[in-house]
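Residue numbers count from 1 along this sequence. This structure is a prediction, so every number in the text was calculated from the model and none was measured. Read the numbers this way: they start at 1 and go in the same order the structure lists the ligands and their atoms.
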Amino acid sequence: MADLKILSNAIIKGDQKTAVDVTKAALDEGIEPGTILSDGLIAGMNVIGVRFKANEVYIPEVLIAARAMKMAMEILEPKLVEAGVQPLGKAMIGTVQGDLHDIGKNLVVMMLKGAGFDVVDIGVDVSPDAFIAKAKEANVQVIGLSALLTTTMPSMEKTIQAIKDAGLSAKTMIGGAPVTQAYADKIGADGYAADAATAVDVARGLLN
Ligand code: B1M
């Protein structure tokens with residue numbers, strides 16, 4: 001019988017083959033896709049998130065785990081859709097205007113997906129208008145902004161203000177190396193996360 005503990009361990013280790021094999025076997029045995037997702041894939045990514053926060057694993061391990069999760073998700077996703085499993089919430093993330101750094105943003109996207117969010121990644125150098133247009137189009141609950149340059153932090157402030165002026169109900173969260181909780185408070189962002197694992201906790205909190 002397919003063991004979801006083996007699946008979560010495969011995600012933690014970044015073992016793509018085992019992750020894919022156990023996902024297929026579990027589906028063949030009739031285990032609910034939602035159970036495979038929560039008790040196998042998300043359970044594994046949650047462990048990676050906790051270890052990443054505690055500096056017990058580093059960026060390469062997170063990327064490898066996320067890749068194994070992505071491979072397994074390619075098999076699971078159509079079955080989840082068929083089964084009507086709802087995502088935890090819908091989030092959108094972009095790097096603000098003038099800023100081309102995306103490695104941290106991509107990690108946040110992976111961790112959010114790993115936690116069960118439906119995530120729209122709108123890329124880098126995103127203008128306030130584009131943030132708003134895409135948020136409306138995708139009808140998201142959380143809008144994430146990333147910045148790595150002190151010179152692009154003001155783009156965050158402009159974007160947050162534009163989101164408010166547009167009357168969007170989505171909550172905002174910001175992050176990136178130069179950004180702080182104090183800056184988030186100053187510009188009126190609803191949340192701040194120092195790293196990708198914390199971003200999951202913050203996004204979950206913003207849904208409530
Ligand atoms: Co750039 N760069 N860079 N760079 N670059 C920095 C950021 C810098 C600190 C290097 C330095 O001088 N020591 C410096 C910024 C100084 C400052 O403003 N304080 C700098 C500079 C100056 C520049 C250029 C201006 C250089 C030049 O051309 N003169 C230029 C700017 C280009 C532009 O954006 N317009 C530039 C260009 C580049 C590259 C293109 C070469 C490349 C980017 C490649 C890419 O992203 N695809 C690059 C890189 C790689 C870096 C460093 C080396 C690494 C950044 C990184 O990816 N870190 C960086 C120096 C450093 O940090 N050591 C540097 C790893 C990543 C996982 O961490 O992005 O912090 P980070 O993400 C974390 C958290 O911050 C958080 O979670 C992530 C995971 O835990 N997080 C969020 C991030 N976004 C979040 C969003 C959230 C929540 C959490 O919610 C929405």
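Considering only heavy atoms from C-beta on, V119 stays 4.5 Å or farther from M92 through its side chain.
Annotation: atom 85 (C) of ligand 1 to nearest protein heavy atom, G175 C, 3.4 Å. The nearest heavy-atom contact from the protein to atom 90 (O) of ligand 1 is M173 CE, 3.5 Å. Taking atom 80 (O) of ligand 1 as the reference point, the nearest protein heavy-atom neighbour is A196 N, 3.2 Å. Shortest contact from atom 67 (C) of ligand 1 to any protein heavy atom: I59 CD1, 3.4 Å. Residue, atom and distance of the protein heavy atom nearest to atom 50 (C) of ligand 1 are I103 CD1, 4.2 Å. The closest protein non-hydrogen atom to atom 84 (N) of ligand 1 is S146 OG, 2.7 Å.
Using a cut-off of 4.0 Å between Lys/Arg side-chain N and Asp/Glu carboxylate O, D121 and K134 are scored as not salt-bridged. Under 4.0 Å is where a charged nitrogen must lie from a carboxylate oxygen, and between D201 and R204 at least one such pair does. No salt bridge links D28 with K24; every basic N to acidic carboxylate O contact stays at or beyond 4.0 Å.
Under the 4.0 Å distance rule, the nearest protein heavy atom to atom 39 (C) of ligand 1 falls outside the cut-off. Distance remark: protein heavy atom present below 4.0 angstrom from atom 20 (C) of ligand 1. In this structure, atom 3 (N) of ligand 1 has a protein heavy-atom contact shorter than 4.0 Å. Taking a distance limit of 4.0 Å, we find that atom 7 (C) of ligand 1 is approached by some protein heavy atom. Inside a 4.0 Å radius of atom 74 (C) of ligand 1 there is at least one protein heavy atom. Note that atom 17 (C) of ligand 1 has protein non-hydrogen atoms nearby, at separations under 4.0 angstrom. Within a 4.0 Å radius of atom 46 (O) of ligand 1, the protein contributes one or more non-hydrogen atoms. In this structure, atom 63 (N) of ligand 1 has no protein heavy-atom contact shorter than 4.0 Å.
For the pair Q16 (side chain) and R67 (backbone), a donor-acceptor distance under 3.5 Å is absent.
G176 counts as a contact of ligand 1, since one of its heavy atoms falls under 4.0 Å from the ligand. In this structure, A194 counts as a contact residue of ligand 1, since one of its heavy atoms falls inside 4.0 Å of the ligand. Contact analysis leaves Y192 out of contact with ligand 1, as no non-hydrogen atom separation drops below 4.0 angstrom.
Residue D125 does not touch ligand 1, judged by heavy-atom distances below 4.0 Å. At a heavy-atom distance under 4.0 Å, only backbone atoms of L145 (N, CA, C or O) approach ligand 1.
Of the residues T95, V96, I122, the one that meets the side-chain contact (heavy atoms from CB on, under 4.5 Å) test with K105 is T95.
Atoms of ligand 1 lying under 4.0 Å from any heavy atom of L107, numbered from 1 in the order shown and given with element: 67 (C), 79 (C). For ligand 1, the atoms lying closer than 4.0 Å to a non-hydrogen atom of F52 are 80 (O). Atoms of ligand 1 lying under 4.0 Å from any heavy atom of G144, numbered from 1 in the order shown and given with element: 91 (C). Less than 4.0 angstrom separates some heavy atom of D99 from each of these atoms of ligand 1: 34 (O).
Heavy-atom contacts from other residues, nucleotides or ligands closer than 6.0 Å to NZ of K158 number 12 or fewer. Residue E61 places its CD atom among more than 12 non-hydrogen atoms of other residues, nucleotides or ligands, all under 6.0 Å distant. In the displayed structure, K53 atom NZ is contacted under 6.0 Å by more than 12 heavy atoms of other residues, nucleotides or ligands.
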CA sep, side-chain torsions, deciding dist, call: D21, T18, side-chain hydrogen bond (donor to acceptor under 3.5 Å, both in side chains)
CA-CA 5 Å; D21 289 350; T18 305; 5.8 Å; no

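Residues A10 and A68 share a closest heavy-atom pair of O-CB, 4.5 Å. In this structure, E157 and Y183 approach most closely via the heavy-atom pair CB-OH, 3.9 Å. Shortest non-hydrogen contact noted between I59 and L107 is CG1-CD1, 3.9 Å. A pairwise comparison of heavy atoms in Y192 and A184 identifies CB-CB, 3.7 Å as the closest pair. Shown here for A189 and I174, the closest heavy-atom pair between the two residues is CB-CG2, 4.0 Å.
Checking only distances, G98 does come within under 3.5 Å of ligand 1, N or O to N or O. Between A177 and ligand 1, at least one N/O pair is under 3.5 Å apart. Between D102 and ligand 1, an N or O atom pair is found at a separation short of 3.5 Å. Taking distance alone, with nitrogen or oxygen atoms compared against 3.5 Å, A199 stays at or beyond that limit from ligand 1. Close N/O approach between D195 and ligand 1 is not found [any backbone or side-chain N/O within under 3.5 Å].
If you take CD on E29 and CD1 on I36, they are separated by 9.0 Å, rounding to the nearest 0.5 Å. For the atom pair CG (D190) and CD1 (I160), the distance works out to 7.5 Å, reported to the nearest 0.5 Å. We find the NZ-CE distance between K113 and M73 to be 8.5 Å, quoted to the nearest 0.5 Å. Put simply, CG on L145 and OG on S155 are 9.5 Å apart, with the number rounded to the nearest 0.5 Å. Distance CD1/I143 to OG1/T172: 7.5 Å, rounded to 0.5 Å.
The closest non-hydrogen atom to atom 89 (C) of ligand 1, taken over G104, A193, G94, P178, comes from A193.
With waters neither drawn nor counted, the protein N/O/S atoms under 2.8 Å from atom 1 (Co) of ligand 1 amount to 1.
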